[in-house]
There are 2 protein chains.
Amino acid sequence: MARAGREPGQAASTRRRGAALEEAILRAAAEVLRESGVPGLTMDEVARRAGTNKNALYRRWPNRVALGVAAYRRLAAARTAPPDTGSLRGDTLEMLRRANSTWSSPYGEILRGLIAAAGGTPELLAQLRDPAADGAHEAAWLTLLGRAVARGEAAPEALHPRVAYVPMALLRNEYVTLGTPAVADAVLTEIADEVFLPLVRGRGPQGGTPAPQAPPRA
Amino acid sequence: MARAGREPGQAASTRRRGAALEEAILRAAAEVLRESGVPGLTMDEVARRAGTNKNALYRRWPNRVALGVAAYRRLAAARTAPPDTGSLRGDTLEMLRRANSTWSSPYGEILRGLIAAAGGTPELLAQLRDPAADGAHEAAWLTLLGRAVARGEAAPEALHPRVAYVPMALLRNEYVTLGTPAVADAVLTEIADEVFLPLVRGRGPQGGTPAPQAPPRA
DNA sequence: CCTTATACGGTACTCACCGTACCCTGTGTG
DNA sequence: CACACAGGGTACGGTGAGTACCGTATAAGG
């Protein structure tokens, strides 16, 4: 089965080139990723499914991982409209739950596999980052935080990318250090209630500390 | 060169067994890790250096990654006495800088390589976690925080593992999402000044929010 | 319409490494 | 002293990355 690389409708004698062929390869690679995950993504298999050969692949991507990343980008649709539950806590938990289910889904496994396979190569990681990669954009967190500030639930100084992304960083950290199974919902609420909400709420200077900006290098 | 697996002092006819052989294997594996990193850690090479063969290896570890993890544990000494600079900010930055230099060092690269190779296997990740793995124990952060509470620099409610580990999680997140190069010092101070210190300082309830414990599931 | 550079397709091959299978031999134990 | 067992030597099967040719369809250019 699946010996044919082209659809039956296409004339078998048509030789694909350029963008058309690239499309077919990426489609095949994405299919393999979905079916067999990152370890199953072999150049031979992708070439076979695309009805071409490894030459065409290596002419476009330098190695297996690069192809995998390119293929993943078409798998990850930009599915993140920030939630609006009316409270910061609700929004936070909703975002965390979305991300958690994405990361523990097959797509999340693929993403984690690719991150691992990238082995810290900055270019590959960058390509993996933008396309809705973690199931939640940084931008979404900022708008969500912005609404909270408007409602008076959060201090204006908290409207900072580094602050906004704290919950996602903590969640990702769970996956990195603990491994595959989905993170328990209790952890999500703990991240929200013990870290994010307190952080975002009170930032009034009540402890004696040096100037928060322009640190004098301890 | 390096054809001989045993030291010249040893009688060549002595056949090592049990713990002695295991020692030799782990020593060889750690050596390979140091010289060639995780990708260079091949079973053949380790067996060659240890002056034995792959049988002895597979009799003890199920696969290459397991051996790598075991070898790493002897590389990572327990080098973390929590700093005591007198201020929470100083301690925090010191811890972050230590961790940053560990993670960007060759040892950090090995650790990151092993985490990647573990592919999310919980057991392997667990073995990687305890031995000073990230260059900073959770315990160290807790004692450091405890001192800050005693000095009045931090609110008592902040003495919580999830809170204490926030800086490390954020730092690790940088490595995971950005890749190899060392994290800039400015990022460390930002983590301290924009996130950790504000979080730990003011936790007074000043925004209107539902009960922080026992969430009613949004 | 013919020529030509280019990219496809097909195939075979090298290389490295994982993991396994034998088989012989040294060693500690009963 | 016999024997079970682990160590040592070696070879092998299998898989997948990446490379090398070589003939050929196709698009571009004269």
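Bear in mind the structure is a predicted one, so any value in this text is a computation, not a measurement. The sequence lines fix the lettering, A, B, ..., with proteins before strands; numbering per chain opens at 1.
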Figure out the [atom1]/[atom2] separation between [X] and [N], and round it to whole Å.
X	N	atom1	atom2	result
A:R64	C:dA16	CZ	C1'	15 Å
B:N53	C:dG26	CG	C1'	14 Å
B:L67	C:dG19	CG	C1'	14 Å
B:L21	D:dA6	CG	P	12 Å
B:N63	C:dC17	CG	P	16 Å
B:N55	D:dA11	CG	P	14 Å
A:E23	C:dC8	CD	P	14 Å
B:K54	D:dG14	NZ	P	15 Å

**Prompt:** How would you label the contact of B:L41 with the nucleic acid (heavy atoms, under 4.0 Å): base, sugar-phosphate, or nothing?
**Reply:** sugar-phosphate

**Asked** NA contact type, B:I25, heavy-atom cut-off 4.0 Å: base, sugar-phosphate, or nothing?
**Response** nothing

When you measure from the side-chain N and O atoms of [X] to the phosphate of [N], is any distance below 4.0 Å, counting only OP1 and OP2?
X	N	result
A:T52	C:dG9	yes
A:T42	D:dG16	no
B:R60	D:dA6	no

Salt bridge between [X] and [Y], side-chain N to carboxylate O under 4.0 Å?
X	Y	result
B:R59	B:E22	no
A:R162	B:E190	yes
A:E138	A:R129	no
B:R48	B:E45	yes

Closest to the [X] side chain, choosing from [options]:
X	options	result
A:R59	D:dA17, C:dC18, C:dA7	C:dA7
B:Y58	C:dC8, C:dC18, D:dG18	C:dC18
B:D44	D:dG7, D:dA17, C:dC18	C:dC18

**Request:** Go through the N and O atoms of the side chain of A:R15 and the base of C:dC8, and report whether any donor-acceptor pair is under 3.5 Å.
**Result:** yes

**Asked** Heavy atoms, side chains only, cut-off 4.5 Å: are B:P122 and A:L178 in contact?
**Response** no

